[in-house]
Number of protein chains: 2
Amino acid sequence: MHGPRWRNNFEERGYRITASRSAILDVLSKKRCHLTAEDVFFEVRKIQKGIGIATVYRTLDLLVQMGLVCKFDFGDGRARYELASGEKGHHHHLICRNCGRIINYDDFLTEETGLVKKIEKELSQKHSFEIDAHQLDFYGLCKDCQKEVK
Amino acid sequence: MHGPRWRNNFEERGYRITASRSAILDVLSKKRCHLTAEDVFFEVRKIQKGIGIATVYRTLDLLVQMGLVCKFDFGDGRARYELASGEKGHHHHLICRNCGRIINYDDFLTEETGLVKKIEKELSQKHSFEIDAHQLDFYGLCKDCQKEVK
DNA sequence: AATAATAATGAGAACCATTATCAAAAGGAG
DNA sequence: CTCCTTTTGATAATGGTTCTCATTATTATT
Ligand SMILES: [Mn+2]
Ligand SMILES: [Mn+2]
Ligand SMILES: [Zn+2]
Ligand SMILES: [Zn+2]
(Lines give C-alpha, C1' and ligand atoms only; values in the text may rest on other atoms or scores of the structure.)
(Ligands and ions follow the chains in the order given, each with its own letter.)
Protein backbone atom coordinates (compact mmCIF):
# COMPACT_ATOMS: atom_id res chain seq x y z
CA MET A 1 0.00 0.00 0.00
CA HIS A 2 2.61 2.57 -0.98
CA GLY A 3 2.26 5.69 -3.04
CA PRO A 4 2.35 4.97 -6.77
CA ARG A 5 -0.49 2.49 -6.78
CA TRP A 6 -3.23 4.59 -5.32
CA ARG A 7 -1.91 7.70 -6.97
CA ASN A 8 -2.44 6.12 -10.36
CA ASN A 9 -5.79 4.89 -9.21
CA PHE A 10 -6.77 8.44 -8.35
CA GLU A 11 -5.53 9.98 -11.54
CA GLU A 12 -7.21 7.44 -13.74
CA ARG A 13 -10.53 8.41 -12.25
CA GLY A 14 -9.84 12.11 -12.45
CA TYR A 15 -9.77 12.56 -8.69
CA ARG A 16 -7.33 15.08 -7.36
CA ILE A 17 -4.62 14.10 -4.94
CA THR A 18 -5.02 16.71 -2.25
CA ALA A 19 -3.18 17.15 1.02
CA SER A 20 -6.25 16.07 2.98
CA ARG A 21 -6.72 12.94 0.98
CA SER A 22 -3.18 11.76 1.20
CA ALA A 23 -3.09 12.62 4.90
CA ILE A 24 -6.12 10.39 5.46
CA LEU A 25 -4.50 7.57 3.57
CA ASP A 26 -1.35 8.07 5.62
CA VAL A 27 -3.27 7.72 8.85
CA LEU A 28 -5.00 4.58 7.64
CA SER A 29 -1.68 3.13 6.54
CA LYS A 30 0.05 3.75 9.83
CA LYS A 31 -2.71 2.83 12.27
CA ARG A 32 -3.60 -0.53 10.86
CA CYS A 33 -6.78 -1.13 12.77
CA HIS A 34 -10.50 -0.37 12.78
CA LEU A 35 -10.76 3.38 12.97
CA THR A 36 -13.99 5.28 13.25
CA ALA A 37 -14.40 8.42 11.15
CA GLU A 38 -13.82 10.39 14.33
CA ASP A 39 -10.61 8.50 15.07
CA VAL A 40 -9.36 9.35 11.62
CA PHE A 41 -10.45 12.95 12.03
CA PHE A 42 -8.49 13.51 15.24
CA GLU A 43 -5.47 11.71 13.90
CA VAL A 44 -5.43 13.59 10.61
CA ARG A 45 -5.80 16.93 12.34
CA LYS A 46 -2.31 16.51 13.71
CA ILE A 47 -1.07 16.75 10.13
CA GLN A 48 -3.80 18.78 8.41
CA LYS A 49 -4.73 21.35 11.03
CA GLY A 50 -7.84 22.78 9.47
CA ILE A 51 -9.48 19.70 8.06
CA GLY A 52 -13.21 19.29 8.61
CA ILE A 53 -15.06 16.14 9.58
CA ALA A 54 -17.11 16.32 6.39
CA THR A 55 -13.99 15.94 4.31
CA VAL A 56 -13.03 12.90 6.32
CA TYR A 57 -16.37 11.26 5.64
CA ARG A 58 -16.29 12.23 2.00
CA THR A 59 -12.79 10.91 1.52
CA LEU A 60 -13.50 7.67 3.34
CA ASP A 61 -16.53 7.11 1.14
CA LEU A 62 -14.41 7.78 -1.89
CA LEU A 63 -11.76 5.32 -0.79
CA VAL A 64 -14.35 2.68 -0.03
CA GLN A 65 -15.88 3.15 -3.46
CA MET A 66 -12.44 2.82 -5.02
CA GLY A 67 -11.87 -0.36 -3.10
CA LEU A 68 -8.85 0.99 -1.26
CA VAL A 69 -10.58 0.94 2.11
CA CYS A 70 -13.03 -1.44 3.77
CA LYS A 71 -15.97 -0.24 5.79
CA PHE A 72 -17.25 -2.37 8.63
CA ASP A 73 -20.22 -2.22 10.88
CA PHE A 74 -19.86 -4.15 14.09
CA GLY A 75 -23.16 -3.04 15.53
CA ASP A 76 -22.06 -0.30 17.91
CA GLY A 77 -23.58 2.48 15.87
CA ARG A 78 -20.46 3.75 14.19
CA ALA A 79 -18.74 2.60 11.05
CA ARG A 80 -15.14 1.45 11.10
CA TYR A 81 -12.64 1.91 8.32
CA GLU A 82 -9.57 -0.05 7.52
CA LEU A 83 -7.09 -0.17 4.68
CA ALA A 84 -7.98 -2.89 2.19
CA SER A 85 -4.71 -4.58 1.52
CA GLY A 86 -6.18 -6.80 -1.13
CA GLU A 87 -6.22 -10.56 -1.12
CA LYS A 88 -3.29 -10.64 1.24
CA GLY A 89 -4.32 -8.56 4.21
CA HIS A 90 -7.79 -9.95 4.23
CA HIS A 91 -8.79 -11.16 7.67
CA HIS A 92 -11.68 -12.12 9.88
CA HIS A 93 -12.74 -10.81 13.28
CA LEU A 94 -13.24 -11.67 16.90
CA ILE A 95 -15.50 -9.13 18.58
CA CYS A 96 -16.03 -8.78 22.30
CA ARG A 97 -19.64 -8.12 23.21
CA ASN A 98 -18.64 -6.55 26.49
CA CYS A 99 -15.81 -4.10 25.77
CA GLY A 100 -16.06 -3.92 21.99
CA ARG A 101 -12.48 -5.03 21.45
CA ILE A 102 -11.87 -6.25 17.93
CA ILE A 103 -9.22 -8.79 17.11
CA ASN A 104 -8.09 -9.35 13.55
CA TYR A 105 -6.90 -12.73 12.52
CA ASP A 106 -5.48 -13.82 9.21
CA ASP A 107 -3.74 -17.00 10.25
CA PHE A 108 -6.55 -18.98 8.73
CA LEU A 109 -6.75 -22.71 9.05
CA THR A 110 -5.56 -24.32 5.86
CA GLU A 111 -9.10 -25.41 5.05
CA GLU A 112 -10.60 -22.03 5.88
CA THR A 113 -9.65 -20.10 2.78
CA GLY A 114 -10.37 -22.96 0.45
CA LEU A 115 -13.80 -23.60 1.86
CA VAL A 116 -14.85 -19.96 1.72
CA LYS A 117 -13.93 -19.92 -1.96
CA LYS A 118 -15.88 -23.08 -2.52
CA ILE A 119 -18.93 -21.70 -0.75
CA GLU A 120 -18.72 -18.53 -2.80
CA LYS A 121 -18.68 -20.47 -6.01
CA GLU A 122 -21.59 -22.66 -4.97
CA LEU A 123 -23.71 -19.73 -3.77
CA SER A 124 -22.95 -17.67 -6.86
CA GLN A 125 -24.42 -20.39 -9.02
CA LYS A 126 -27.36 -21.34 -6.88
CA HIS A 127 -28.58 -17.78 -6.34
CA SER A 128 -27.21 -16.13 -9.48
CA PHE A 129 -25.36 -13.79 -7.18
CA GLU A 130 -22.11 -12.10 -8.11
CA ILE A 131 -20.07 -12.25 -4.91
CA ASP A 132 -17.15 -9.89 -4.53
CA ALA A 133 -16.45 -10.01 -0.80
CA HIS A 134 -17.29 -11.70 2.43
CA GLN A 135 -17.11 -11.00 6.12
CA LEU A 136 -16.77 -13.53 8.89
CA ASP A 137 -17.06 -12.35 12.46
CA PHE A 138 -17.11 -14.28 15.69
CA TYR A 139 -18.78 -12.76 18.73
CA GLY A 140 -18.17 -13.50 22.37
CA LEU A 141 -16.14 -12.42 25.38
CA CYS A 142 -12.48 -11.51 25.31
CA LYS A 143 -10.01 -12.76 27.88
CA ASP A 144 -10.36 -9.77 30.21
CA CYS A 145 -14.11 -9.56 30.02
CA GLN A 146 -14.59 -13.22 30.87
CA LYS A 147 -13.32 -12.58 34.40
CA GLU A 148 -15.15 -9.30 34.76
CA VAL A 149 -18.55 -10.66 33.79
CA LYS A 150 -18.23 -13.59 36.17
CA MET B 1 -40.64 -21.00 18.68
CA HIS B 2 -44.09 -21.44 20.16
CA GLY B 3 -45.54 -20.07 23.32
CA PRO B 4 -44.48 -22.03 26.38
CA ARG B 5 -40.77 -21.73 25.84
CA TRP B 6 -40.41 -18.00 25.76
CA ARG B 7 -43.16 -17.54 28.32
CA ASN B 8 -41.13 -19.51 30.83
CA ASN B 9 -38.07 -17.61 29.80
CA PHE B 10 -39.86 -14.38 30.58
CA GLU B 11 -41.24 -15.45 33.91
CA GLU B 12 -37.95 -16.83 35.10
CA ARG B 13 -36.42 -13.43 34.65
CA GLY B 14 -39.32 -11.60 36.21
CA TYR B 15 -40.33 -9.90 32.98
CA ARG B 16 -44.02 -9.39 32.40
CA ILE B 17 -45.76 -10.87 29.42
CA THR B 18 -47.66 -7.91 28.08
CA ALA B 19 -49.85 -7.57 25.03
CA SER B 20 -47.24 -5.44 23.29
CA ARG B 21 -44.47 -7.89 23.93
CA SER B 22 -46.30 -10.91 22.71
CA ALA B 23 -47.57 -8.98 19.70
CA ILE B 24 -43.99 -8.15 18.77
CA LEU B 25 -42.97 -11.76 19.12
CA ASP B 26 -45.94 -12.73 16.97
CA VAL B 27 -44.85 -10.42 14.19
CA LEU B 28 -41.32 -11.73 14.31
CA SER B 29 -42.59 -15.29 14.20
CA LYS B 30 -44.81 -14.75 11.21
CA LYS B 31 -42.58 -12.54 9.09
CA ARG B 32 -39.47 -14.64 9.16
CA CYS B 33 -37.08 -12.16 7.70
CA HIS B 34 -34.88 -9.21 8.53
CA LEU B 35 -37.21 -6.58 9.89
CA THR B 36 -36.16 -3.11 10.87
CA ALA B 37 -37.59 -1.68 14.08
CA GLU B 38 -39.84 0.43 11.92
CA ASP B 39 -41.06 -2.62 10.00
CA VAL B 40 -41.96 -4.25 13.28
CA PHE B 41 -43.62 -1.08 14.50
CA PHE B 42 -45.96 -0.77 11.52
CA GLU B 43 -46.75 -4.45 11.55
CA VAL B 44 -47.47 -4.56 15.27
CA ARG B 45 -49.69 -1.52 15.10
CA LYS B 46 -52.19 -3.58 13.16
CA ILE B 47 -52.66 -5.65 16.29
CA GLN B 48 -51.73 -3.22 19.07
CA LYS B 49 -53.19 0.06 17.88
CA GLY B 50 -51.60 2.44 20.32
CA ILE B 51 -48.13 1.00 20.63
CA GLY B 52 -45.23 3.44 20.52
CA ILE B 53 -41.95 3.05 18.70
CA ALA B 54 -40.04 3.27 21.97
CA THR B 55 -41.73 0.14 23.21
CA VAL B 56 -40.75 -1.64 20.04
CA TYR B 57 -37.11 -0.71 20.53
CA ARG B 58 -37.22 -1.59 24.20
CA THR B 59 -38.80 -4.94 23.55
CA LEU B 60 -36.44 -5.81 20.73
CA ASP B 61 -33.49 -5.01 22.95
CA LEU B 62 -34.96 -7.18 25.65
CA LEU B 63 -35.45 -10.06 23.27
CA VAL B 64 -31.94 -9.73 21.92
CA GLN B 65 -30.55 -9.75 25.44
CA MET B 66 -32.57 -12.85 26.20
CA GLY B 67 -31.20 -14.51 23.11
CA LEU B 68 -34.62 -14.94 21.52
CA VAL B 69 -33.88 -12.49 18.72
CA CYS B 70 -30.80 -11.73 16.66
CA LYS B 71 -29.81 -8.21 15.76
CA PHE B 72 -27.92 -7.60 12.55
CA ASP B 73 -26.22 -4.64 11.04
CA PHE B 74 -25.73 -4.83 7.33
CA GLY B 75 -24.31 -1.37 7.00
CA ASP B 76 -27.31 0.56 5.71
CA GLY B 77 -27.74 2.54 8.89
CA ARG B 78 -30.60 0.60 10.42
CA ALA B 79 -30.55 -2.49 12.56
CA ARG B 80 -32.41 -5.63 11.49
CA TYR B 81 -34.08 -8.07 13.81
CA GLU B 82 -34.88 -11.67 13.28
CA LEU B 83 -36.13 -14.52 15.42
CA ALA B 84 -33.27 -16.63 16.71
CA SER B 85 -34.45 -20.12 16.13
CA GLY B 86 -31.45 -21.61 17.85
CA GLU B 87 -28.97 -23.99 16.31
CA LYS B 88 -31.51 -24.98 13.70
CA GLY B 89 -32.62 -21.82 12.01
CA HIS B 90 -29.15 -20.40 11.98
CA HIS B 91 -28.18 -19.15 8.56
CA HIS B 92 -25.77 -16.98 6.64
CA HIS B 93 -26.39 -14.10 4.26
CA LEU B 94 -26.03 -12.87 0.73
CA ILE B 95 -26.32 -9.09 0.59
CA CYS B 96 -26.75 -7.03 -2.56
CA ARG B 97 -24.67 -3.88 -2.53
CA ASN B 98 -26.96 -2.21 -5.02
CA CYS B 99 -30.53 -2.79 -3.86
CA GLY B 100 -29.89 -4.03 -0.33
CA ARG B 101 -31.68 -7.30 -0.86
CA ILE B 102 -30.77 -9.88 1.73
CA ILE B 103 -30.94 -13.58 1.03
CA ASN B 104 -30.81 -16.11 3.85
CA TYR B 105 -29.30 -19.46 3.22
CA ASP B 106 -29.11 -22.40 5.56
CA ASP B 107 -28.47 -25.17 3.10
CA PHE B 108 -24.85 -25.20 4.12
CA LEU B 109 -22.34 -27.33 2.38
CA THR B 110 -21.65 -30.39 4.45
CA GLU B 111 -18.20 -29.11 5.29
CA GLU B 112 -19.42 -25.65 6.12
CA THR B 113 -20.91 -26.26 9.55
CA GLY B 114 -18.11 -28.54 10.62
CA LEU B 115 -15.41 -26.14 9.63
CA VAL B 116 -16.98 -23.17 11.38
CA LYS B 117 -17.10 -25.22 14.58
CA LYS B 118 -13.49 -26.18 14.14
CA ILE B 119 -12.43 -22.59 13.57
CA GLU B 120 -14.34 -21.50 16.64
CA LYS B 121 -12.58 -24.05 18.78
CA GLU B 122 -9.17 -23.14 17.42
CA LEU B 123 -9.73 -19.39 17.84
CA SER B 124 -11.13 -19.79 21.34
CA GLN B 125 -7.93 -21.44 22.45
CA LYS B 126 -5.49 -19.26 20.59
CA HIS B 127 -7.01 -15.96 21.72
CA SER B 128 -8.59 -17.05 25.00
CA PHE B 129 -11.87 -15.86 23.56
CA GLU B 130 -15.23 -17.28 24.55
CA ILE B 131 -17.14 -17.46 21.28
CA ASP B 132 -20.91 -17.70 21.40
CA ALA B 133 -21.94 -16.75 17.88
CA HIS B 134 -20.73 -15.99 14.42
CA GLN B 135 -21.92 -14.19 11.35
CA LEU B 136 -20.94 -14.92 7.79
CA ASP B 137 -22.07 -12.54 5.08
CA PHE B 138 -21.30 -12.47 1.40
CA TYR B 139 -21.54 -9.20 -0.48
CA GLY B 140 -22.08 -8.62 -4.14
CA LEU B 141 -24.74 -8.05 -6.77
CA CYS B 142 -28.03 -9.88 -6.94
CA LYS B 143 -29.44 -11.28 -10.15
CA ASP B 144 -31.53 -8.21 -10.99
CA CYS B 145 -28.85 -5.69 -10.15
CA GLN B 146 -26.24 -7.38 -12.30
CA LYS B 147 -28.14 -6.39 -15.45
CA GLU B 148 -28.99 -2.95 -14.16
CA VAL B 149 -25.43 -1.99 -13.30
CA LYS B 150 -24.12 -3.13 -16.65
C1' DA C 1 -61.45 -5.85 47.17
C1' DA C 2 -58.57 -2.05 48.34
C1' DT C 3 -53.87 -0.51 48.66
C1' DA C 4 -49.16 -0.29 47.88
C1' DA C 5 -45.12 -1.37 45.18
C1' DT C 6 -43.14 -2.19 40.90
C1' DA C 7 -42.80 -2.65 35.93
C1' DA C 8 -44.14 -1.17 31.42
C1' DT C 9 -45.71 2.25 28.31
C1' DG C 10 -46.38 6.37 24.98
C1' DA C 11 -45.21 10.95 23.63
C1' DG C 12 -41.92 13.62 22.66
C1' DA C 13 -37.30 15.50 23.56
C1' DA C 14 -32.54 14.53 23.20
C1' DC C 15 -28.67 12.29 21.16
C1' DC C 16 -25.30 11.42 17.84
C1' DA C 17 -23.29 9.51 13.62
C1' DT C 18 -23.74 10.67 9.09
C1' DT C 19 -25.26 13.62 5.00
C1' DA C 20 -26.57 17.61 2.61
C1' DT C 21 -25.97 22.52 1.56
C1' DC C 22 -23.52 26.29 0.04
C1' DA C 23 -20.28 29.78 -0.36
C1' DA C 24 -15.32 30.07 -0.47
C1' DA C 25 -10.82 28.19 -1.75
C1' DA C 26 -7.74 25.43 -4.54
C1' DG C 27 -6.29 23.19 -8.71
C1' DG C 28 -5.83 22.53 -13.63
C1' DA C 29 -6.20 23.85 -18.69
C1' DG C 30 -5.16 27.14 -21.90
C1' DC D 1 -4.08 35.63 -15.44
C1' DT D 2 -8.83 33.76 -16.60
C1' DC D 3 -12.24 30.43 -16.78
C1' DC D 4 -14.07 26.24 -15.17
C1' DT D 5 -14.22 22.28 -12.24
C1' DT D 6 -13.26 20.03 -8.00
C1' DT D 7 -12.59 20.12 -3.22
C1' DT D 8 -13.24 21.93 1.17
C1' DG D 9 -14.97 23.67 5.94
C1' DA D 10 -18.69 25.36 8.59
C1' DT D 11 -22.96 24.50 9.69
C1' DA D 12 -27.63 22.88 9.21
C1' DA D 13 -30.42 18.99 8.49
C1' DT D 14 -31.53 14.09 8.74
C1' DG D 15 -32.81 9.90 10.70
C1' DG D 16 -32.33 5.95 13.57
C1' DT D 17 -32.07 5.12 18.31
C1' DT D 18 -32.18 6.23 23.23
C1' DC D 19 -33.69 8.90 27.18
C1' DT D 20 -37.08 11.24 30.23
C1' DC D 21 -40.95 11.43 32.69
C1' DA D 22 -45.64 11.41 33.77
C1' DT D 23 -49.31 7.95 33.23
C1' DT D 24 -51.02 3.33 33.14
C1' DA D 25 -50.99 -1.63 33.81
C1' DT D 26 -49.66 -5.56 36.49
C1' DT D 27 -48.47 -7.91 40.58
C1' DA D 28 -47.95 -8.46 45.60
C1' DT D 29 -49.75 -7.54 50.17
C1' DT D 30 -53.10 -6.65 53.43
MN1 LIG E 1 -10.35 -5.96 10.65
MN1 LIG F 1 -30.93 -13.62 8.19
ZN1 LIG G 1 -13.80 -7.55 26.09
ZN1 LIG H 1 -29.78 -6.19 -5.84
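Throughout, a chain's letter reflects where its sequence line sits, starting with A, and its residues are numbered from 1.
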Item to complete: Within residues 40-50 of chain B, find the residues that approach DNA chain D with a heavy atom at under 4.0 Å, and present them sorted by residue number.
Response: none
Output side-chain donor-acceptor pairs under 3.5 Å for residues 49-64 of chain A, partner residues at least two apart or in another chain, one line each.
from	atom 1	to	atom 2	distance (Å)
Thr55(A)	OG1	Arg58(A)	NH2	3.4
Thr59(A)	OG1	Thr55(A)	O	2.7

Discussion item. Glu120(A): which residues meet the side-chain hydrogen bond (donor to acceptor under 3.5 Å, both in side chains) condition with it, sequence neighbours left out?
Written reply: His134(A)
Practice prompt. May I have the distance from Phe10(B) (atom CZ) to dA7(C) (atom P), rounded to whole angstrom?
Written response: 15 Å
Fill in: Donor-acceptor contact present, side-chain Asp39(B) to main-chain Thr36(B), <3.5 Å
yes
Item to complete: Would you please name every residue forming a side-chain hydrogen bond (donor to acceptor under 3.5 Å, both in side chains) with Lys46(A), sequence neighbours left out?
Response: Glu43(A)
Fill in: Which residues share a side-chain hydrogen bond (donor to acceptor under 3.5 Å, both in side chains) with Arg16(B), sequence neighbours left out
none
Worksheet item: If you look only at pairs with a residue in residues 68-81 of chain A, which of them pass as a salt bridge (charged side-chain N to carboxylate O under 4.0 Å, His left out), with sequence neighbours excluded?
Response: Glu38(A)-Arg78(A), Asp76(A)-Arg80(A)
Fill in: Segment of DNA chain D, first to last nucleotide, that comes within the 4.0 Å heavy-atom reach of chain A
dT5(D) to dA10(D)
Discussion item. According to side chain to side chain contact (heavy atoms under 4.5 Å, CB included), who are the partners of Gln65(B), at least two apart in sequence or on a separate chain?
Written reply: none
Item to complete: State which residues pass side-chain hydrogen bond (donor to acceptor under 3.5 Å, both in side chains) with Lys118(A); sequence neighbours excluded, sorted by chain then number.
Response: Glu111(B)
Item to complete: Using a 4.0 Å heavy-atom cut-off, write out nucleotides 17-30 of chain C from 5' to 3' as B (base contacted by protein), S (sugar-phosphate only) or - (no contact).
Response: SSBBB----BB---
Worksheet entry | Pairs flagged by ring-ring contact (aromatic ring centres under 6.0 Å, His included) wherever residues 30-49 of chain A is involved - sequence neighbours left out | His34(A)-Phe74(A), His34(A)-His93(A)
Worksheet item: What's the CG-P distance between Leu60(B) and dA8(C), to the nearest Å?
Response: 15 Å
Discussion item. Checking Cys99(B) now: which residues fulfil side chain to side chain contact (heavy atoms under 4.5 Å, CB included) with it, not counting sequence neighbours?
Written reply: Cys96(B), Arg101(B), Cys142(B), Cys145(B)
